[in-house]
Amino acid sequence: MDIPSTLLYTVLGSVSLVALRIYWSKVAGKSAFISSTNCFVFLQVLWLIGTFMAVDLTRTEDRVWLAVNVGALVCFIVGCLFANAVNRFNSRAELVVFLSSPVTYDLESPWIILIVVVTALASFAVGVAYAIRVGYNVFFLALRALAAGDVISQQKYSRLRLSISVEKYAASGYAAQFVLILLPLVLCLLYFRIRRRHRLGDVIACFLLAVADVYFLTIQGGRGWLVLATLQFVLLVSKYGPLPVERWCKAPMLGRFALCAAIMFGVSATVVSGRASNFGEGVVSGVSKELYARLFGSAIADQLTVIRQSENAPIPAGALWWRDLVSMLPAKKGIASGNELYAMAYNGDTTGSMGLLMWGSCLYNWGPTGTLLVAVFSGYLIQRFTIACIRGPRLLSRIVVLFVAGLHLGQLRDPYSLFLDGFVSTMLFYFPFWIMRRRRRRAQATTVRGARCRQYGLPASSFGTTLSGRRMPSINN
């Protein structure tokens, strides 16, 4: 049965709106709080809008692609609702409690200071080694050429970026975890120490590390990492972040300055890379159209092109996911899957790179049914992470690290992105914090046990029972 295009648009659009209305009420708790779940859904909605605009419903594969996008969004929301039901999570009520509770400042702990200092030094050392290995900064190289009147073409700019990963093999993915993920996180923690204690040493360290990280973030010439690093700080201290009632955490002028600087960098990188000139118009118009293309235009159309071609040449189930995970091994060199996907979209050109978005990656690897199952599973896990973040103790170190981890998780595309985009690295950074807090709780429990034993006149080994052999009330009750 051939469903008319207008009817299909209407039905799928209506289903999407109803699903998002349920999500806003039952999952988001009618709050714009920046959680991993909200971040993920926000990105999927942007890409879904672009998909509605890009598809040609006279083609069967486009109809399947649009239906899979809508169905996956619905299944993701179902997974979130299931997580709420299993954990008895009332999103609206618990968010109010979480956001209104005071925050415990714990960044003066010797263990936390040690973790932050070691991470900062290691990240700086990796950044210096990476910069020496590469030998040039793509962004500043193009900027100097532009100042000299010699504009670098987009093809040359792309080749300079590609040679870092292919010809030089500078271990970009490993270095990125330190200089693009962990060092911006360390800078966020240093910011809160400065706001609370106003120590000159912290200010100097933060300034030097920030300058170094700007250079590290621009070595490959991309726009995304520096913009995302700045955006995570701005969201962290905004009224939509996890610290809305902590006035000492706020720095509105600094946040605005950082956001403006990130926008200026994004515009500059678009110009020097030759992307703005693709549209043959002025700088402002070219940058605006490039941003539109990234969100709704050519980026979505490229996904659609790859999906259309995959219908004619299907791959083994999960093959691309497995290949990307194996490519993380140091001995695995050669052309990346992102370059091959770019070649599929651009007639064999391997000078660029592109990655499939979440539902495109699932469809490419597992087909329509597998995509819906993955959507339910990922919805449950991401919402479960959000619940754990909200229900945990309001320690500043915990809130900052898990908030940043949630932003990385919200950009989930496939298992490989969990490593590449920094979620795994951020959680590994958090692991010592978790161990330290767990040991502190045990030490406090031991102290209370000793006091209880002295109260009842019992030896410490007999704590937990009365003289009659009955269990004593737990100290946690």
Side-chain angles (χ1 to χ4, degrees), residues 15-45 73-106 188 192 231-232 234-250 375-412 423 426-427 430 433-434 437-438 440-441 444 473-477:
V15 170
S16 301
L17 291 175
V18 171
L20 289 173
R21 179 66 181 85
I22 295 173
Y23 174 85
W24 173 252
S25 176
K26 301 299 183 181
V27 180
K30 298 183 178 180
S31 170
F33 169 66
I34 308 297
S35 65
S36 56
T37 317
N38 286 351
C39 180
F40 181 88
V41 170
F42 175 74
L43 293 176
Q44 301 311 312
V45 169
L73 179 64
V74 172
C75 289
F76 179 87
I77 295 173
V78 169
C80 294
L81 294 172
F82 182 62
N84 285 356
V86 170
N87 296 277
R88 299 181 179 180
F89 180 70
N90 186 322
S91 55
R92 191 171 187 179
E94 297 199 35
L95 266 175
V96 170
V97 174
F98 173 76
L99 296 176
S100 60
S101 300
V103 175
T104 301
Y105 177 81
D106 62 339
C188 288
F192 289 111
L231 189 60
Q232 80 180 18
V234 173
L235 293 176
L236 181 61
V237 298
S238 72
K239 64 180 181 179
Y240 302 109
L243 307 166
V245 298
E246 301 297 328
R247 294 187 179 274
W248 65 270
C249 296
K250 305 302 178 185
V376 174
F377 187 64
S378 59
Y380 176 83
L381 291 182
I382 294 178
Q383 180 64 5
R384 184 67 185 84
F385 177 84
T386 299
I387 293 171
C389 293
I390 292 174
R391 285 183 170 175
R394 291 274 287 174
L395 300 175
L396 182 59
S397 61
R398 179 183 184 274
I399 290 173
V400 172
V401 177
L402 292 185
F403 177 80
V404 172
L407 291 180
H408 294 311
L409 181 60
Q411 302 172 55
L412 175 68
F423 175 74
T426 307
M427 294 307 295
Y430 174 70
F433 291 80
W434 178 77
R437 191 176 72 251
R438 186 177 181 184
R440 186 184 298 121
R441 286 202 305 265
Q444 292 172 349
S474 171
I475 59 174
N476 295 321
N477 289 342

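What you see below is based on every heavy atom in this structure, not just the backbone, and it leaves out hydrogens, waters and symmetry mates. Positions are given from 1, in the same order as the sequence printed here.
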Search all heavy atoms of Ala83 against all heavy atoms of Ile387 and return the closest pair with its distance.
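For Ala83 and Ile387, the tightest heavy-atom pair comes out as O-CD1, 3.9 Å.
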
So which atom in Gln232 and which in Cys188 form the shortest heavy-atom distance, rounded to 0.1 Å?
NE2-SG, 4.2 Å

Taking ring pair (Phe, Tyr, Trp, His ring centres under 6.0 Å) as the definition, give me every residue that meets it alongside Trp434, ordered by chain and number, with sequence neighbours left out.
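Ring pair (Phe, Tyr, Trp, His ring centres under 6.0 Å) list for Trp434, sorted by chain: Phe431.
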
Could you work out, with ring pair (Phe, Tyr, Trp, His ring centres under 6.0 Å) as the rule, every residue matching Phe89, not counting sequence neighbours?
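In terms of ring pair (Phe, Tyr, Trp, His ring centres under 6.0 Å), with neighbours along the sequence ignored, Phe89 is linked to no residue.
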
List, one per line, each side-chain donor-acceptor pair under 3.5 Å for residues 402-411, sequence neighbours excluded.
{"residue": "His408", "atom": "ND1", "partner": "Asp421", "partner atom": "O", "Å": "2.9"}
{"residue": "Gln411", "atom": "NE2", "partner": "Leu407", "partner atom": "O", "Å": "3.2"}

Listed by chain and number, what are the side-chain hydrogen bond (donor to acceptor under 3.5 Å, both in side chains) partners of [X], not counting sequence neighbours?
X      : result
Thr426 : none
Gln44  : Trp359
Asp106 : Ser397

What residue pairs, at least two apart or across chains, pass salt bridge (charged side-chain N to carboxylate O under 4.0 Å, His left out) with a residue in residues 20-36?
none

The complete set of salt bridge (charged side-chain N to carboxylate O under 4.0 Å, His left out) pairs with one or both residues in residues 93-102, sequence neighbours excluded, reads Glu94-Arg391

Taking side-chain contact (heavy atoms from CB on, under 4.5 Å) as the test, write out the residues that go with [X], two or more places apart.
X      : answer
Leu412 : Phe40, Met358, Ser378, Ile382, Ser417, Leu418
Asn38  : Tyr23, Ala28, Ser35
Tyr240 : Ala32, Ile34, Ser238

Heavy-atom check, side chain of Val103 versus side chain of Phe192, under 4.5 Å:
no

Side-chain contact, heavy-atom cut-off 4.5 Å: Ile390 with Val97?
no

Scan the side chains in residues 74-82 for donor-acceptor partners under 3.5 Å anywhere in the protein, sequence neighbours excluded, and list what turns up.
none

Got a second to check how far [X]'s [atom1] is from [Y]'s [atom2], nearest 0.5 Å?
X      : Y      : atom1 : atom2 : answer
Leu95  : Ser100 : CG    : OG    : 10.0 Å
Phe98  : Ile399 : CZ    : CD1   : 5.0 Å
Leu381 : Thr37  : CG    : OG1   : 10.5 Å

Between Arg394 (side chain) and Thr104 (backbone), is there a donor-acceptor pair under 3.5 Å?
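Between the backbone of Thr104 and the side chain of Arg394 there is no qualifying donor-acceptor contact (under 3.5 Å).
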
